[in-house]
Every structure is written in C-alpha cells, then in structure tokens.
Amino acid sequence: MRLKWPDGTLMARLNEGTQRDLLMLAEPRECPTGTVLIRQGVPRTDVHLLRSRQVESSVCVKVTATARNGDESLLGIRVSGDVVGELAALRDGNRTATVTVCAPSIVHAIPHRDFIEFLNSHVDAWEALCRMIADRLDWANRRRLDFAGYDVPCRVARVLLELADRHGRPVLDGHELGVRLSQEEIGKLIGAKVDIVGLAMRQLRTQGLVTSSYRRVMINNMDGLRAFADRC
C-alpha cells in the first residue's frame, strides 16, 4: 500500500517508484525530540528526509537562523515527507540554518553526493524539488509582505490559517494546526515579540476564533478567522 505523504512535501510530489528509490538511499534512524539535525554555519554533509513513526501522525522539525546580533528567527516548519539540508547540497556551501526535531521522528540521512546523483537520474525528482523550493520561497515572501502590511493580530491570524491549510486537519472541535508551536515560536515566524503575540492570541480567543494551551493552537472557526484576516 502506498504511503500517504502530506500535501506539498517532496515525497507527495514523487511517483511511487521514485519515492522508493529515495527512501533506499539511507537507512532510517530514530531521532528523539530536541535532536539537532543541522547546525547553522557548519559545512554541508547530508540531506535529511523526514518520516513519522506512525502512519496517522506527522513529524515536526523547526528551521531557525540566528543573526549576528543573536536574534533568532523561525524560518519554517517541516513535516513528514519533507527534506531539509537540500540548499547546502545544491550550493555546495555551509548550512544557512539550524534544524531541530520537535517530535519523535524517523530520519534518512542521505549523503549529499548520493542525493545529487538521485536527482540526476530521476527527472521527476528534480522538478518536484524545484517546485518545493519555489513554494518555500513564496511562503517567505508572504511573511515579508505580512510584516510590512499588517498589524500583529492579523499576522498571527494569517500564519495560523496558512499552517492549518498546509499541515492541519479538521476535528470535532474545529481545525487542528497540525504542528505544535509556542507563542514565542509563532512570534519568530511573523517577526513579533512574545508579549505582543500573547495579546493577539487573547484577542482571537475572546472572539471565539481560536483556543490555545501549551504549544497547541486549535482554530475553532476557520471562516471567522479568514474573515478576521481579510478585514485587516
């Protein structure tokens, strides 16, 4: 039976034979929460393919980068079926970000030369990788536009909607976000301080749009949250 990979990931874009070939490039290993897969600034070595331990759940890793002044930004979230470390392999340079495991994961650490050879022998994989990188660039551009054009409550609403659309799933009480993030991490995604994000989350909760607890956000009213974001 073919595994179901989350939409938008590299594995979801590949045909079944290409998926199998990619998985065979490296043995899987289990990585507990807190494992650092990639460190910013070090030379590239492997490309990491992410898998979950259970079919019905997804992994979550966070991609962060630290500026020279010490400020850290959360650049993105990656899930089952995604690869991380591909840019350093393609550019033959140092790592530009740190990647940390947020939930127990299975990882295939593929030597960068083997990954490049795989791409060269699978035309569909090159196309899929280019489309994935284009989607990530589009995500980054939207965050920049949001930062310039919207206040913090609107930026929080917009990023929650995008995360839910990409990673989430409907449940009885609303719509799960699909990834576990603290208010501080949400702030790092949208360029806002944690106290301001806290005030924005309180506003969304007061209007009955979301509920939140430790590292968990539930969207109670998707249509209402979209309307809130559109009114900004």
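What's counted below: heavy atoms across the whole structure, side chains too, no hydrogens, waters or symmetry copies.
To the nearest 0.5 angstrom, I186 atom CD1 is 5.0 Å from M201 atom CE. How far NE2 of H175 is from CG of N220: 12.0 Å, rounded to the nearest 0.5 Å. Atom-to-atom distance recorded for D146:CG and N141:CG is 11.0 Å, nearest 0.5 angstrom. The line from CZ of R136 to CZ of R78 is 4.0 Å long, rounded to the nearest 0.5 Å. The CD1 atom of I116 lies 11.0 Å from the CD1 atom of I110; values are rounded to the nearest 0.5 Å. The structure places NZ of K62 at 6.0 Å from NZ of K188, a figure rounded to the nearest 0.5 Å.
Of all heavy-atom pairs spanning N94 and P43, the tightest one is OD1-CA, 3.3 Å. In this structure, H167 and I77 approach most closely via the heavy-atom pair NE2-O, 4.2 Å. Nearest heavy-atom pair across L10 and D82 is N-OD1, 4.1 Å. The two residues L14 and A125 make their nearest non-hydrogen contact at CD2-CA, 3.7 Å. Taking every heavy atom of both residues into account, I219 and A164 meet most closely at CD1-CB, 3.7 Å. Nearest heavy-atom pair, L161 versus A229, reported as atom, atom and distance to 0.1 Å: CD1-CB, 4.0 Å.
Judged by distance alone, the side chain of R155 and the main-chain N or O of G191 form a donor-acceptor pair under 3.5 Å. Between the side chain of R13 and the backbone N or O of L129, no donor-acceptor pair lies under 3.5 Å. Side chain of D46 to main chain of H48: no donor-acceptor pair is present (N/O by atom type, distance under 3.5 Å, no hydrogens or angles). Checking side-chain atoms of D135 against main-chain N and O of M132 turns up no donor-acceptor pair under 3.5 Å.
Using a 4.5 Å cut-off between side-chain heavy atoms of Ile, Leu, Val, Met, Phe, Trp and Tyr, with links allowed through other members, Y150 and V197 fall into different hydrophobic clusters. A chain of hydrophobic side-chain contacts below 4.5 Å, direct or via other Ile, Leu, Val, Met, Phe, Trp or Tyr residues, connects W126 to F115. Placement of F118 and L87 within a single hydrophobic cluster is found when ILVMFWY residues are connected by side-chain heavy-atom separations under 4.5 Å, directly or transitively. Hydrophobic clustering of Ile, Leu, Val, Met, Phe, Trp and Tyr side chains at less than 4.5 Å, counting indirect connections, unites I133 with V47. Under a hydrophobic clustering in which Ile, Leu, Val, Met, Phe, Trp and Tyr are joined whenever their side-chain heavy atoms come within less than 4.5 Å, directly or via other members, M218 and F228 fall into different clusters.
Ion pairing between a basic and an acidic side chain is recognised when a charged N comes within 4.0 Å of a carboxylate O; R131 and E127 show such pairing. Of the charged side-chain nitrogens involved, none lies within less than 4.0 Å of a carboxylate oxygen, so that E117 and R113 do not count as a salt-bridged pair.
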Decide side chain to side chain contact (heavy atoms under 4.5 Å, CB included) for L90 and L119; before the verdict, give the C-alpha distance in whole Å, the side-chain angles of both, and the deciding distance to 0.1 Å. CA-CA 11 Å; L90 295 174; L119 294 175; 4.2 Å; yes

What do the steps show when you test L25 against L49 for side chain to side chain contact (heavy atoms under 4.5 Å, CB included), and what is the final call? CA-CA 10 Å; L25 291 179; L49 171 63; over 6 Å; no

Report the C-alpha separation of R166 and W139 in whole Å, then their side-chain angles, then the decisive distance to 0.1 Å, and conclude whether the side chain to side chain contact (heavy atoms under 4.5 Å, CB included) test is met. CA-CA 11 Å; R166 183 175 177 86; W139 162 276; 5.5 Å; no

Go through L163 and V217 one step at a time and tell me if the side chain to side chain contact (heavy atoms under 4.5 Å, CB included) criterion holds. CA-CA 11 Å; L163 289 170; V217 177; over 6 Å; no

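Between R143 and E162, the closest side-chain pair of non-hydrogen atoms falls below 4.5 Å. Contact check for V156 versus V210: no side-chain heavy atoms found under the 4.5 Å cut-off. Side-chain contact between R51 and L23 is present, with at least one heavy-atom pair separated by less than 4.5 Å.
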Expected list for residues 28-42: side-chain donor-acceptor pairs under 3.5 angstrom, two or more places apart:
residue: T35; atom: OG1; partner: P32; partner atom: O; Å: 2.8
residue: Q40; atom: OE1; partner: T66; partner atom: N; Å: 2.8
residue: Q40; atom: NE2; partner: T66; partner atom: O; Å: 3.2

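Counting non-hydrogen atoms of other residues, nucleotides and ligands closer than 6.0 Å to CZ of R202 gives a total of 12 or fewer.
Contacts classified as salt bridge (Lys or Arg N to Asp or Glu O under 4.0 Å) and involving residues 204-228 (residues at least two apart or in different chains) are given here: D165-R226, E176-R216, E185-R215.
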